[in-house]
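For reference, the structure discussed in these notes is given below.
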Amino acid sequence: LQAGSPRDCYLKPASIDAARLLGEVNILAAESRNGRVRTAFGEVMAAGRNGAASLMVRPEGMVLADAGEVAVVAGAAFMGAAVILLLKAPGGDLALARVASGRLDRLERLLDPASAARRHALIDKARAVYLDPAFEPADAAAVLLDNARARAAAARGLEEAAVAQLELPAREADQRV
């Protein structure tokens with residue numbers, strides 16, 4: 001199948017079969033155009049011909065972000081140092097992602113329905129700049145400010161709960177919050 005160092009064989013497999021032999025892979029339907037490859041999960045730079053393509057991405061190569069393409073976490077498995085996620089794109093495409101379990105706080109925000117609703121509202125307004133001829137910047141600003149207020153209230157509540165567990169003078173407790 002392939003000869004080379006373990007690192008090269010894992011990171012630069014000669015074929016899909018060689019890649020699968022050394023671990024999990026996502027094979028994503030894609031469209032290549034002028035050095036960029038677009039999938040249901042986002043766009044990356046890649047060399048190749050223009051047209052229909054397949055993009056191979058290892059689960060650890062999938063990056064979770066608060067902005068960008070929207071995907072739903074359809075499943076999650078805690079594996080100690082990592083969490084394996086099953087991601088589902090709006091069109092139904094599936095992919096695995098492996099993230100460090102040390103970032104579970106961020107993962108919980110991504111999974112939280114209220115956070116997801118705020119994120120989707122913000123993304124919809126960001127896309128409206130290009131899609132809606134009646135786009136109103138003030139509406140977009142209102143969504144952004146509402147999201148910031150909701151996150152600030154949640155952070156304040158968490159900090160107040162943490163401070164309540166400490167025996168601090170009132171002034172020091174107020175300063176921490």
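It should be emphasised that the depicted structure is a prediction, and the values quoted were computed from it without experimental measurement.
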Next item on the list: List in chain and number order the residues that pass side-chain hydrogen bond (donor to acceptor under 3.5 Å, both in side chains) with Gln2, two or more places apart in sequence or in another chain; answer none if no residue qualifies.
Entry: none

Next item on the list: Would you please name every residue forming a side-chain hydrogen bond (donor to acceptor under 3.5 Å, both in side chains) with Arg98, sequence neighbours left out?
Entry: Glu24, Glu60

Using links of under 4.5 Å between side-chain heavy atoms of ILVMFWY residues, direct or through other members, which residues join [X] in one cluster?
X: Leu144; value: Leu122, Val143
X: Leu86; value: Met79, Ile84, Leu94, Leu96
X: Leu11; value: Tyr10, Leu22
X: Met56; value: Ile16, Val25, Ile27

Nearest 0.5 Å, what's the [atom1]-[atom2] distance between [X] and [Y]?
X: Glu31; Y: Arg36; atom1: CD; atom2: CZ; answer: 14.0 Å
X: Asn26; Y: Leu55; atom1: CG; atom2: CG; answer: 9.0 Å
X: Ser32; Y: Met45; atom1: OG; atom2: CE; answer: 11.5 Å

Next item on the list: Report the C-alpha distance between Leu87 and Val73 in whole Å, list the side-chain angles of each, state the deciding distance to 0.1 Å, and finish with yes or no for side-chain contact (heavy atoms from CB on, under 4.5 Å).
Entry: CA-CA 5 Å; Leu87 304 177; Val73 177; 3.9 Å; yes

Over all atoms of both residues, closest heavy-atom pair of [X] and [Y]:
X: Phe135; Y: Lys125; result: CE1-O, 3.6 Å
X: Asp93; Y: Phe41; result: O-CZ, 3.4 Å
X: Met62; Y: Ala95; result: CE-CB, 3.8 Å
X: Ala89; Y: Ala40; result: CB-CB, 3.6 Å

Notebook entry, point to check: Quick one: does Leu168's side chain get under 4.5 Å of Val163's, heavy atoms only?
Noted result: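 Side-chain contact under 4.5 Å: yes.
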
Next item on the list: Look only at the side chain of Asn50 and the backbone of Asn34, and say whether a donor-acceptor pair between them is shorter than 3.5 Å.
Entry: yes

Going by side chain to side chain contact (heavy atoms under 4.5 Å, CB included), name the residues that satisfy it together with [X], two or more places apart in sequence or in a different chain.
X: Asp124; result: none
X: Asp17; result: Leu1, Ser15
X: Arg118; result: Ala114, Ser115, Asn147, Ala150, Arg151
X: Arg171; result: Gln175

Check: What residues form a salt bridge (Lys or Arg N to Asp or Glu O under 4.0 Å) with Arg149, not counting sequence neighbours?
Finding: Asp146

Note to self: I'd like to check the salt bridge (Lys or Arg N to Asp or Glu O under 4.0 Å) partners of Arg20; sequence neighbours left out, ordered by chain and number.
What the structure shows: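 Listed in chain order: nothing, the list is empty.
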
